[in-house]
Amino acid sequence: MARILITSALPYINGIKHLGNLVGSQLPADLYARYMRARGHEVMFICATDEHGTPAELAAAKAEQPVDIYCAEMHETQAALARGFKLSFDHFGRSSSARNHALTQHMAGRLNAAGLISEVSEKQVYSNADRRFLPDRYIEGTCPNCGYERARGDQCENCTKQLSPTDLVEPHSAISGSTDLEVRETKHLFLRQSTLRDKLDAWIDTKTDWPILTTSIAKKWLHDGDGLRDRGITRDLDWGIAVKDGDNDWPGMEGKVFYVWFDAPIEYIAATAEWADANGLDDAAWRRWWREDEGADDVRYVQFMGKDNVPFHTLSFPATQMGANFDGSEPWKMVDYIKSFNYLNYDGGQFSTSQGRGVFMDQALSILPSDYWRWWLLSHAPESNDSEFTWENFQASVNKDLADVLGNLVSRVTKFCRSKFSEAVPEGGDMGAPEAQLIADLTSRIRSYETLMEGMEVRKSAAELRAIWALGNEYLQEAAPWSVFKTDPAQAAMQIRLALNLIRLYAVLSKPFVPDAAAAMMDAMGADDWRWPEDISDALTTLPAGHAFTTPDVLFSKITDEQRDDWAARFSGVRA
RNA sequence: GGGCCUGUAGCUCAAUGGUUAGAGCAGGGCGCUCAUAACGCCUUGGCUGGGGGUUCGAAUCCCUCCGGGCCUACCA
């Protein structure tokens, strides 16, 4: 039995996430967590809302709420949606938690003790009307290069020229439109990650099994130009974690908070502490997952994220962890494998939170149960490339895979048994060559499925699982119990007994992908044996003759053309 | 501008430089009648974006052109 620590990239707090966000981190992480638990491993699956930063403050202002209330409510909204999608987090924390405040301040103190923090005085744009410093991209104006009137302070979207806010003609706040801007001097802390470049580079070099997408991004940042640059880790905001040097005040940093990207990854650790608190456990309970000197030396740590998150997880956060262990006294568990995803597009364009384009988690659950979404999203996960959601493809895949191949199998077996025998596993007959062949085929495919799941090959795992389902239909076609029954009822009984056991087996195998359907299948079989099938022959004799079952309702109803067209129209525009 | 990824059947995707480029869906044919008009078997379909090169051999490696995407460090 292994110990596996799994974290999903933290969903940002400023609204309900869309299906692209879901499939890029939380959903595949859940698939992996569920599978590893099913295999008997000890799993810690952590996620949390990422609550700090300018966009959170602005979203709260737009909602006319204090930012702490806004975040608390939105956290609960996101937590409820996570439950709705059956995301099996051991804990779904908040980066604004007391635990994260303390740990982030502690980490900063360690980095300071290591000599890895420098103070830099810089000039930034302050908006008097908004009473806040504005990040570059929140300043708009006319591009001096091409004349585009809505260029942002970091880059012109029209001509792609890199800009600084002072380059803009007639600059104004993107928030209020105010032109009452001034350049102010402000002091910030920088993480001197440039001094860790060689260590990080060597560390990345050991990760030969990581996806190219992951390592190439890290390498780019390490070697581009002058190499890895130091990074500001504080901001002039109200909402966030106060800048402290461990438990002590940080002179000159009064009123400032840590940058959201500094405290967000630390929340992976802090959320595990929140988990311990929520379960009445002591600190040792979470530290054995995160401190190599306190039990985490045998932990395998896997992170899931979209490709946009890679630089922070390959460089900034590792730099924080390495730096905090400068004297060897705090060996924090670092990531062993990063599974990164491309983007899911929506019907020819991008999903967009800001533009309200696509299907959002709450909308998805309002029209169909979570299993439908889980199956489609996972079986089409954007692993090697960006992939695309279309309603036609969604309807076709779901109807064929879930309703026809799996759902109908359950239906035909249980209804046949009910009509020809009873709602109990029938007795009689002996297995022969066709059954031996089925078991051999299942064994081969299940071993392949296991290998793919362990390797986090999401799409291929889904394809293999589907092929495993199809073996059931192939067997029934060949065995033809409806014909055999007429001449040899005992033989037909054996065939159906096997098929009923197959349903239970499929419940076990399918649970990581479609947990609700799996539970319905297991429940219909009147069983609660979720042990992973080591020996397939044994697994197919779990339900003995005479064991009562129930014939379930239709497991997956089909998506009609009318529904598909209705949804396509309803979600074609911009979210209200 | 720079860097990286990518282009394979109508669609969504596979294929350590090595038989005749494979699956699923869609299309066509046959079979079956237990089942959600479901299932099974067979089958059509490809100048692997264009062009050039390396090699005994290229979807794969190199060059170039065309198309799509991401990143470019103050959104997160």
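Remember, it's a predicted structure, so these values are computed and weren't measured experimentally. A note on names: the letters A, B, ... follow the listed sequences, proteins ahead of strands, and every chain is numbered from 1.
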J.: Walk me through it: do A/Asp154 and A/Arg152 pass the test salt bridge (charged side-chain N to carboxylate O under 4.0 Å, His left out)?
T.: CA-CA 6 Å; A/Asp154 56 342; A/Arg152 296 187 317 202; 3.4 Å; yes

J.: Is A/Leu406 close to A/Asp401 at the side-chain level, that is, under 4.5 Å between some pair of heavy atoms?
T.: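 In short, these two side chains do not touch, never coming nearer than 4.5 Å.
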
J.: Just wondering, do A/Phe549 and A/Cys417 contact through their side chains at under 4.5 Å, heavy atoms?
T.: yes

J.: Return the nucleotide paired to B/rG31: Watson-Crick means purine N1 to pyrimidine N3 with N6-O4 or O6-N4, wobble means G-U with N1-O2 and O6-N3, both under 3.5 Å.
T.: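 Its partner is B/rC39 (Watson-Crick or G-U wobble, both distances under 3.5 Å).
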
J.: Check the angle between the aromatic planes of A/His75 and A/Phe92 and answer parallel, tilted or perpendicular using the 30° and 60° thresholds.
T.: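 Correct class here is parallel.
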
J.: Using whole Å, what does the distance between atom C1' of nucleotide B/rC25 and atom CG of A/Asp404 come to?
T.: 11 Å

J.: Rounded to whole angstrom, note down the C1' distance from B/rG45 over to B/rG10.
T.: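 Taking atom C1' in both B/rG45 and B/rG10, they lie 9 Å apart.
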
J.: Contact class for A/Gly15 (heavy atom, under 4.0 Å): base, sugar-phosphate, or nothing?
T.: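 Nothing, no heavy atom under 4.0 Å.
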
J.: It should be established whether A/Arg418 places a side-chain nitrogen or oxygen under 4.0 Å from OP1 or OP2 of nucleotide B/rA35.
T.: no

J.: With both distances under 3.5 Å as the test, what is the Watson-Crick or G-U wobble partner of B/rG57?
T.: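 B/rG57 is unpaired by these criteria.
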
J.: Quick one: is A/Lys123 getting a side-chain N or O under 4.0 Å of the B/rC74 phosphate, OP1 or OP2?
T.: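 False: A/Lys123 side-chain N/O out of range (4.0 Å or more) of B/rC74 OP1/OP2.
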
J.: Nearest whole angstrom, please: distance from the C1' of B/rC34 to the OH of A/Tyr475.
T.: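 That distance rounds to 13 Å.
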
J.: May I ask you to say what A/Glu392 touches in the nucleic acid, namely base, sugar-phosphate or nothing, with a heavy-atom cut-off under 4.0 Å?
T.: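 The answer is nothing, as A/Glu392 stays clear of every strand by at least 4.0 Å.
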
J.: Could you tell me which nucleotide pairs with B/rG46 by Watson-Crick or G-U wobble geometry, both distances under 3.5 Å, or answer none if nothing does?
T.: none

J.: Does the side chain of A/Arg231 get closer than 4.0 angstrom to OP1 or OP2 of B/rC74 through an N or O atom?
T.: yes

J.: Suppose we call a contact any N or O donor and acceptor under 3.5 Å apart; does that hold for the side chain of A/Asn408 and the base of B/rA38?
T.: no

J.: When you compare B/rG49 with B/rU6, how far apart are their C1' atoms, in angstrom units rounded to a whole number?
T.: 11 Å

J.: Please measure how far the C1' atom in B/rG17 lies from the corresponding atom in B/rC56, and state the result in whole Å.
T.: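 Approximately 12 Å lies between the C1' atom of B/rG17 and that of B/rC56.
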
J.: Quick one: list whatever passes side chain to side chain contact (heavy atoms under 4.5 Å, CB included) with A/Pro165, sequence neighbours left out.
T.: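 Listed in chain order: A/Val125, A/Asp136, A/Ile139.
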
J.: Examine the base of B/rA38 for any acceptor or donor lying under 3.5 Å from a partner atom in the side chain of A/Arg412, and report the outcome as yes or no.
T.: no

J.: For A/Asn393 and A/Lys460, find the nucleotide of RNA chain B closest to each by heavy atoms; which residue's nucleotide sits nearer the 5' end?
T.: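 On the 5' side of the pair lies A/Asn393.
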
J.: Under 4.0 Å, heavy atom to any atom of RNA chain B: which of residues 53-61 of chain A qualify?
T.: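 When residues 53-61 of chain A is checked for heavy atoms under 4.0 Å from RNA chain B, the hits, listed by number, are A/Gly53, A/Thr54, A/Pro55.
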
J.: Please state whether the phosphate of B/rA38, meaning OP1 or OP2, lies under 4.0 angstrom from any side-chain nitrogen or oxygen of A/Lys558.
T.: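 Indeed, a polar side-chain atom of A/Lys558 lies that close.
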
J.: Which part of the nucleic acid does A/Lys307 contact within heavy-atom distance under 4.0 Å: base, sugar-phosphate only, or nothing?
T.: sugar-phosphate

J.: Should the pair A/Phe304 and A/Phe341 be assigned to parallel (<30°), tilted (30 to 60°) or perpendicular (>60°) ring geometry?
T.: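 Taking A/Phe341 first and then A/Phe304, their aromatic rings lie parallel (interplane angle under 30°).
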
J.: Parallel, tilted or perpendicular, judged at 30° and 60°: which one describes the rings of A/Phe133 and A/Tyr126?
T.: perpendicular

J.: Under a 4.5 Å cut-off applied to non-hydrogen side-chain atoms, are A/Tyr449 and A/Leu465 in contact?
T.: yes

J.: Given atom CD1 of A/Ile503 and atom C1' of B/rC39, what is their separation to the nearest angstrom?
T.: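 It is 14 Å, rounded to the nearest whole Å.
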
J.: Below the 4.0 Å mark, does B/rA76 have OP1 or OP2 next to a side-chain nitrogen or oxygen of A/Tyr259?
T.: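 True: A/Tyr259 side-chain N/O within range (under 4.0 Å) of B/rA76 OP1/OP2.
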
J.: Applying a 4.0 Å non-hydrogen cut-off, can you work out what A/Leu476 is touching in the nucleic acid: base, sugar-phosphate, or nothing?
T.: nothing

J.: Can you measure A/Glu51 atom CD to B/rC75 atom P for me and round it to whole angstrom units?
T.: 20 Å

J.: Counting only distance, no hydrogens or angles, is the base of B/rC41 paired donor-acceptor with the side chain of A/Glu474 under 3.5 Å?
T.: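 In this structure, the two groups form no donor-acceptor pair.
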
J.: A/Thr166: what forms a side chain to side chain contact (heavy atoms under 4.5 Å, CB included) with it, not counting sequence neighbours?
T.: A/Ser164, A/Val183

J.: Report yes if a donor N or O on one partner sits less than 3.5 Å from an acceptor N or O on the other, where the partners are the side chain of A/Glu122 and the base of B/rC74; otherwise report no.
T.: yes

J.: So what does A/Phe556 hit on the nucleic acid, given a heavy-atom distance under 4.0 Å: a base, only sugar-phosphate, or nothing?
T.: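 Base contact - A/Phe556 has a heavy atom under 4.0 Å of at least one base atom.
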
J.: With under 30° as parallel and over 60° as perpendicular, where do the rings of A/Tyr346 and A/Trp391 fit, or are they tilted in between?
T.: perpendicular

J.: Under 4.0 Å, counting only non-hydrogen atoms across every strand here, what does A/Ala403 touch: a base, just sugar-phosphate, or nothing?
T.: base

J.: Students often get this wrong, so: under 4.0 angstrom with heavy atoms, is A/Ser387 touching a base, only sugar-phosphate, or nothing?
T.: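 A/Ser387: backbone/sugar contact only, no base atoms under 4.0 Å.
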
J.: How is A/Val554 classified with respect to the nucleic acid when contacts are heavy atoms under 4.0 Å: base, sugar-phosphate, or nothing?
T.: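 Base: the residue A/Val554, judged by heavy atoms under 4.0 Å, touches a nucleobase.
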
J.: Calculate the interatomic distance between A/Lys17 atom NZ and B/rC75 atom C1'; express it in whole Å.
T.: 11 Å

J.: If I pick the P atom on B/rU72 and the same atom on B/rC13, what distance separates them, to the nearest angstrom?
T.: 24 Å

J.: For B/rG53 versus B/rC71, give the span between their C1' atoms, rounded off to a whole number of Å.
T.: 31 Å

J.: Looking only at side-chain N and O atoms, does A/Tyr343 come under 4.0 Å of OP1 or OP2 in B/rC5?
T.: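 Checking B/rC5 against A/Tyr343, no side-chain N or O comes under 4.0 Å of OP1 or OP2.
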
J.: Using a heavy-atom cut-off of 4.0 Å across all strands, would you classify A/Asp308 as base, sugar-phosphate, or nothing?
T.: base

J.: Applying a 3.5 Å limit to both distances, which nucleotide forms a Watson-Crick or G-U wobble pair with B/rA9?
T.: none

J.: Between B/rG51 and B/rC66, how far is it from one P atom to the other, in whole Å?
T.: 15 Å

